Novice: 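Submitted below is the structure of interest, expressed as structure tokens.
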Amino acid sequence: MNDYLNDLNSDQQKAVIQIDGASMVIAGAGSGKTRVLTYKIVHFLKNGINPFNILSLTFTNKAAKEMKNRIDKIVGGHQSKSLWMGTFHSVFSRILRAEADKINFPRNFTIYDTADSKSLTKSIIKELNLDKDVYKVGTIQNRISSLKNNFISPEGYNNHPELLESDKKTKRTEFGRIYLMYVQRCFKAGAMDFDDLLINTYKLLSDFPETLNKYQKKFQYILVDEYQDTNHIQYLIIKKLAALNENICVVGDDSQSIYAFRGANIQNILNFKIDYPDYKLYKLEQNYRSTKNIVQAANSLIKHNEKQIEKDVWTDNTKGDSIIVCETSTDNDEGRLVANTIKDLISDSNFKDFAILYRTNAQSRSLEEALRKLAIPYKIYGGLSFYQRKEIKDVLSYFRLTINPQDEEALKRVINYPSRGIGTTTIQKLLICANENNISIWEVISDLGKYKIKLNLGTQKKLTDFTFLIQSFMAQTESSDAYKIAEHISKVTGIFSLLNSDHSPEGINRFENVQQLLNGIKDFTENYDGESIPVLSEFMKDVALLTDTDNEKKEDYNKATLMTIHASKGLEFPYVFVVGMEEGLFPSMMSGNSQSDLEEERRLFYVAITRAEKRLFLSHANNRFKWGQYIDCEPSRFLEEIDQKFIMKKDFSSVKKQEIVPHKIYAKIKPQIKKTLVPKQFVKTNFAKNITINQSDLSKLQTGQNVKHAKFGNGKILQIEGEGSNKKATVFFSGIGQKQLLLKFAKLEIIK
DNA sequence: TCTTCATAGTTTTTT
DNA sequence: ACTATGAAGA
């Protein structure tokens, strides 16, 4: 009956079988933390606990999805559907929508993403006529966010001498006003930013005892993953929810705490011991993921941190190869070294087995270029996610406005897109009027006559036309399904034809992105299993909370992964490259000199190392292109901190320091440089059969040739037209259809 | 009011 | 390198 327990070692079993009471699981990297959580829920279900009564908070939506799948597999059936499982933000937004009326928000409240918050902050600074060099948007935004995460309201701020004093010092005496306005404007717009989802949940549970009681009764068992990365508000909410039953299990690893910058608080681990004095502590110390070399190297690094919970991570796995530390001359060399190494190792592995991790998103460029040149398929996470692209946000803004017309950021975004002759001057007037009357812009334009604004008749007509347009959408949105209304909006607003008329490669891409969005909505509509019709607002509920990781495409399955170390948390790969191991980059120069910042950077490196199963490559360049110029770089201090007996150093920098070439003409460099860059140990010489086309080779492309495109796959050239750099090809891709490609952009390869 | 072109500022990590 | 902003022209 309990045979599923046989999948666990004895430490894991002990942690799993405790059902009632408080417990904390300190789980070293790769020790089966997710496994314990998954099996713990399985154990709950097998012991007759209703999935409805279990709340499980995870760090990403993807983790939640995978866990649900595994639970269903082990238990059978679809019990996981009734579990409350997801990120803090998504679970709480679900609660907030259900209880919205209590806190005076519309049920359809908008979730402002970072870009929306930024735009609003910017707008407020401008309206208050403040110097934008003193009141930098980013700084203000960060300060607002950190105050919110410490549960300090605008009033609280005004009564806080220290905070006022520190803003006096930086000459930002008006910060309090900005903060207050920001909060008021969000409220007026029926919008919550990411922090509000937490704050408002806490307020709801504090101000409405009967609501608190309802959820306390509901969530009889609470599980929290990645507990080391929860912040103060999250801690307070969990504490409240768990107060009735005190059945709470938190899982984490203090060595992997890497989100202090956004308020994560290691204090939460210490508080746990105080709040639940009878708690049980379980330690998982056996690592199943990595080789001995990797595990021990990671241990030797993290020893340099003073603050940490004592534990001894060990493994039964083989010793494995040494960790390779490579020195290259430039960042581009580094990229090529990584690409060449992958090419060499690929014969007995899959592309999906490789991950390239870096400290900052900006580092991806040189790597991408090198991978493309060797035809290594890759996917890249972070940077601009799908939902943050301009064309997507534009369309979504129409949807948002239809669902919640008070949404000011959405309105500002689309009131003149596509151009309908409503310019910045008009918008400024409307904004002033709205502020003076303490109403939203939507209320102003839907009753223009009531407010005396100096606008000429033409402009007034344009505004009422716009209002009618949105109203017509609103009238349909509750009765038609999401896809129908989404398609209708895209067409009627003219977005579809506008994007479709742009035939540049970028324009085509934008058009396709919007189509992809609509396809997603179509999927949602067709697979909806709720009782009523799948309305648009239902689709829009969580869109702001989705990230690229959450909706991986099938065709991306077997590709190398590029991501920041932060994004790699919880993942594992047989082969891991950590690039840019340089002072000022990693540890980041922003981490300053404070001990705690440096320790966080070190934990981040610890996370990076422990992603690797079989082999780990660390690299650093002596010269890196940054801020428009090449700058000298020193190897990271972290490289010295690893016990050197686990490391083998390779120096590629002596490859004669060629004059530095801008990357655009890089393609012309002959392959022998590549050869010298390949470590002899892994060389198998024969290079790719495919030839990448660079500018000078355009003439080699002919009608009838088979080619390969990074995104569209294999295809055949049907036609070539244009001259020189304007040369265009019509290519037929199987399964996709005909595409017009501007050859100077499309990285086509001839397939022999 | 819209479009285009030049210049300036910018880079840590994210739900 | 890349976007965002501002000035000038249409």
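What you see is a predicted model, and the numbers here were worked out from it, not measured in a lab. To find a chain, count down the sequence lines: A is the first, B the second, and so on, and within it residues start at 1.
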Novice: Establish, with yes or no, whether the OP1 or OP2 oxygen of B:dT15 is under 4.0 angstrom from a side-chain nitrogen or oxygen of A:Asn149.
Specialist: no
Novice: Could you work out which one of B:dT1, B:dT12, B:dT3 sits closest to the side chain of A:Thr425?
Specialist: B:dT1
Novice: With a 4.0 Å cut-off on heavy atoms, is A:Phe88 in touch with a base, just the backbone sugar-phosphate, or nothing at all?
Specialist: nothing
Novice: Nearest to the side chain of A:Glu601, heavy atoms from C-beta on, is which of B:dT12, B:dT14, B:dT3?
Specialist: B:dT12
Novice: My understanding is that only residues two or more places apart in sequence, or in another chain, count here; which of them pass side-chain hydrogen bond (donor to acceptor under 3.5 Å, both in side chains) with A:Thr360?
Specialist: A:Gln363
Novice: If the cut-off is 4.0 Å, is A:Asn231 near the phosphate of B:dT15, judged by side-chain N/O to OP1 or OP2?
Specialist: no
Novice: I want to check one thing: is the phosphate of B:dT13, taken as OP1 and OP2, less than 4.0 Å away from some side-chain N or O of A:Ser588?
Specialist: no
Novice: Taking only nitrogen or oxygen atoms into account, show me every contact under 3.5 Å that the protein makes with nucleotides 8-10 of chain C, one pair per line with its distance.
Specialist:
none

Novice: Determine the interatomic distance between P on B:dT13 and the same-named atom on C:dA4; round to the nearest Å.
Specialist: 16 Å
Novice: Using the ring-ring contact (aromatic ring centres under 6.0 Å, His included) criterion, which residues pair with A:Phe638? Sequence neighbours excluded.
Specialist: A:Phe586, A:Phe605
Novice: For A:Phe151, enumerate each residue passing the ring-ring contact (aromatic ring centres under 6.0 Å, His included) test, keeping only those at least two apart in sequence or located in another chain.
Specialist: A:Tyr202
Novice: Please report, rounded to the nearest Å, how far the P atom of B:dT12 is from the CD atom of A:Gln363.
Specialist: 12 Å
Novice: Please pick, from B:dT11, B:dT14, B:dT15, the nucleotide with the shortest atom-to-atom distance to any side-chain atom of A:His89.
Specialist: B:dT15
Novice: Nearest heavy atom decides the nucleotide; on that basis, is A:Lys118 or A:Thr87 closer to the 5' end of DNA chain B?
Specialist: A:Lys118
Novice: Check whether more than 12 heavy atoms from other residues, nucleotides or ligands sit under 6.0 Å from atom CD of A:Glu634, and answer yes or no.
Specialist: no
Novice: Mind checking side-chain hydrogen bond (donor to acceptor under 3.5 Å, both in side chains) for A:Glu66 and listing every partner two or more places apart, or none if nothing turns up?
Specialist: none
Novice: May I have the distance from A:Lys390 (atom NZ) to C:dT3 (atom C1'), rounded to whole angstrom?
Specialist: 13 Å
Novice: Taking only N and O in the side chain of A:Thr60, is any of them less than 4.0 Å away from OP1 or OP2 of B:dT15?
Specialist: no
Novice: Phosphate oxygens OP1/OP2 of B:dT1: is one of them under 4.0 Å from a side-chain N or O of A:Thr426?
Specialist: yes
Novice: Taking OP1 and OP2 of B:dT13, is either one under 4.0 Å from a side-chain nitrogen or oxygen of A:Asn361?
Specialist: yes
Novice: Residues two or more places apart in sequence or in another chain: which of them pass side-chain hydrogen bond (donor to acceptor under 3.5 Å, both in side chains) with A:Ser117?
Specialist: A:Tyr182
Novice: Just say parallel, tilted or perpendicular for the rings of A:His232 and A:Tyr235, cut-offs at 30° and 60°.
Specialist: parallel
Novice: Listing time: all N or O pairs from protein to nucleotides 7-9 of chain B that are below 3.5 Å?
Specialist:
none

Novice: Ring stacking, A:Tyr259 with base of B:dT14, under 5.5 Å and under 30°?
Specialist: no
Novice: With sequence neighbours left out, what residues match A:Tyr378 under ring-ring contact (aromatic ring centres under 6.0 Å, His included)?
Specialist: none
Novice: Using a 4.0 Å heavy-atom cut-off across all strands, classify A:Ile422 as base, sugar-phosphate, or nothing.
Specialist: sugar-phosphate
Novice: Which part of the nucleic acid does A:Asn416 contact within heavy-atom distance under 4.0 Å: base, sugar-phosphate only, or nothing?
Specialist: sugar-phosphate
Novice: Quick check on DNA chain B: between A:Thr564 and A:Thr459, whose nearest nucleotide comes earlier from the 5' end?
Specialist: A:Thr459
Novice: May I have the distance from A:Arg359 (atom CZ) to B:dT13 (atom P), rounded to whole angstrom?
Specialist: 7 Å
Novice: Could you pull out all residues at least two apart from A:Asp116 that satisfy side-chain hydrogen bond (donor to acceptor under 3.5 Å, both in side chains)?
Specialist: A:Lys393, A:Arg400
Novice: What is the distance, to the nearest angstrom, from the CD atom on A:Gln256 to the P atom on B:dT13?
Specialist: 20 Å
Novice: Mind calculating the distance between CZ (A:Phe59) and P (B:dT15) to the nearest angstrom?
Specialist: 7 Å
Novice: Does any non-hydrogen side-chain atom of A:Arg611 lie less than 4.5 Å from one of A:Ile565?
Specialist: no
